[in-house]
Amino acid sequence: METGSPDDTGTAGAARATRAAGAADRAGPAVPVRDEPVWTGLPPGLLHMRRLLLVVWLGLLTLAAGVLPALFLDPAWAALALLPLALMAWGWVMLGRNWRSWRYAERADDLLISRGVLWREETVVPYGRMQLVEVTSGPVERHFGLASVQLHTAAAATDATIPGLDPAEAERLRDRLTELGEARSAGL
């Protein structure tokens with residue numbers, strides 16, 4: 001049994017290095033290994049905002065569909081409130097699944113955006129093809145401390161959006177993408 005660390009320069013380390021080199025020669029030329037992208041998910045503030053909006057709108061619908069007819073017509077009409085409540089429970093779960101499906105990764109030459117629960121969609125935006133990078137934040141997003149980054153390219157089909165980012169992260173991403181876009185498009 002050999003002892004020591006793998007970095008040892010003694011005989012055990014040299015023997016391992018020789019065996020590894022021999023195995024590499026028998027395997028043929030080395031194939032470059034492409035690293036997997038480092039994916040970044042969306043912050044939980046986006047999920048909280050969307051769920052709050054779901055509860056507010058479907059709560060109002062529950063009142064309108066169940067309570068008002070029960071007051072003015074017959075108490076049996078209160079059962080109509082069960083439909084918006086069931087829709088709220090289903091929407092709560094679906095919003096969580098949708099939020100978990102969104103992610104993005106910055107690679108050397110392009111930006112990857114992945115989303116979708118049933119139909120997965122992955123958008124690849126090359127830095128050299130970006131024409132405009134916008135950071136937007138509506139009133140509800142600002143209340144929750146969120147911003148969205150929208151990427152515009154020459155082809156409208158490849159425009160992409162990353163919603164619900166922290167404003168500082170959105171600005172960092174905008175600046176980085178703009179800088180990389182300028183560097184990559186210099187040769188065009």
Side-chain angles (χ1 to χ4, degrees), residues 33-67 80-184:
V33 177
R34 186 171 184 138
D35 292 334
E36 282 293 314
V38 178
W39 292 99
T40 305
L42 298 181
L46 179 66
L47 180 61
H48 298 312
M49 178 190 76
R50 288 181 174 174
R51 283 182 170 169
L52 179 67
L53 291 173
L54 175 78
V55 168
V56 166
W57 288 110
L58 287 179
L60 291 173
L61 184 60
T62 300
L63 286 173
V67 174
L80 287 177
L82 294 176
L83 183 62
L85 289 175
L87 189 60
M88 188 183 309
W90 179 77
W92 188 275
V93 173
M94 289 296 109
L95 284 174
R97 290 183 66 193
N98 180 270
W99 171 77
R100 282 189 301 277
S101 75
W102 274 88
R103 57 191 186 153
Y104 66 96
E106 300 173 59
R107 295 195 305 184
D109 297 322
D110 50 29
L111 177 74
L112 301 175
I113 302 171
S114 178
R115 65 190 169 278
V117 177
L118 292 176
W119 287 273
R120 295 288 298 160
E121 184 176 332
E122 191 167 298
T123 304
V124 180
V125 183
Y127 296 135
R129 300 289 183 206
M130 282 189 264
Q131 294 183 334
L132 175 68
V133 181
E134 285 183 306
V135 174
T136 59
S137 185
V140 177
E141 286 179 313
R142 278 194 309 272
H143 178 75
F144 282 90
L146 301 172
S148 297
V149 174
Q150 185 166 6
L151 310 163
H152 298 279
T153 62
T158 58
D159 285 359
T161 302
I162 304 173
L165 295 174
D166 179 62
E169 170 65 8
E171 290 176 13
R172 183 207 64 82
L173 191 59
R174 178 200 58 207
D175 294 343
R176 177 167 161 67
L177 295 176
T178 302
E179 178 183 312
L180 289 169
E182 288 172 357
R184 299 294 194 277

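Excluded from the calculations below are hydrogen atoms, water molecules and symmetry mates; all remaining heavy atoms, backbone and side chain alike, are included. Computed from a predicted structure; not experimentally measured.
Between R51 and G96, the shortest heavy-atom distance links the atoms NH2-CA, 3.5 Å. A pairwise comparison of heavy atoms in A105 and P37 identifies CB-CB, 3.6 Å as the closest pair. When all heavy atoms are compared, the tightest approach of G91 to L54 is C-CD2, 3.7 Å. Nearest heavy-atom pair across V135 and A170 is CG2-O, 3.7 Å. Heavy atoms only, all atoms of each residue included: V125 and A160 are closest at CG2-CB, 4.1 Å.
In this structure, the side chain of R142 engages the main chain of S137 through a donor-acceptor pair within 3.5 Å. Counting only distance, with no hydrogens or angles, the side chain of R172 and the backbone of A168 share no donor-acceptor pair below 3.5 Å. Using a distance-only test at 3.5 Å, with no hydrogens or angles considered, no donor-acceptor pair links the side chain of Y104 to the main chain of L112. W102 places no side-chain N or O within 3.5 Å of a backbone atom of I113 that could act as its donor or acceptor partner. Of the possible polar contacts, one joining the E141 side chain to the G138 backbone as a donor-acceptor pair under 3.5 Å is found. The main-chain N or O of R107 is found under 3.5 Å from a side-chain atom of Y127 such that the two form a donor-acceptor pair. Using modelled atom types, no side-chain atom of R103 and backbone atom of S114 make a donor-acceptor pair closer than 3.5 Å.
Residues in residues 38-50 take part in these side chain to side chain donor-acceptor pair (under 3.5 Å) pairs, two or more places apart or across chains: R50-N98.
Taken from NE2 in H152 to CD in Q131, the straight-line distance is 9.5 Å, to the nearest 0.5 Å. In this structure, L180 CG and D175 CG are separated by 11.0 Å, a value rounded to the nearest 0.5 Å. Expressed to the nearest 0.5 Å, how far OG1 of T136 lies from CG of L146 amounts to 11.0 Å. Between the CG atom of L47 and the CZ atom of R97 there is a distance of 13.5 Å, given to the nearest 0.5 Å. Here the OG atom belonging to S148 is positioned 7.0 Å from the CG atom belonging to L165, to the nearest 0.5 angstrom. Note that CE of M130 is 6.0 Å distant from CG of L151, once rounded to the nearest 0.5 Å.
Looking at I162 and L42, their side chains come closer than 4.5 Å, going by heavy atoms from C-beta outward.
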Go through it in stages, so that I can follow the logic: the residues are L173 and E106, the test is side-chain contact (heavy atoms from CB on, under 4.5 Å), and I'd like the CA-CA distance, side-chain angles, deciding distance and then a yes or no.
CA-CA 9 Å; L173 191 59; E106 300 173 59; 3.6 Å; yes

Does R115 form a side-chain contact (heavy atoms from CB on, under 4.5 Å) with T123? I'd like the steps, not just the answer.
CA-CA 9 Å; R115 65 190 169 278; T123 304; 3.5 Å; yes

Trace of the side-chain contact (heavy atoms from CB on, under 4.5 Å) decision for V55 with W92:
CA-CA 9 Å; V55 168; W92 188 275; 3.8 Å; yes

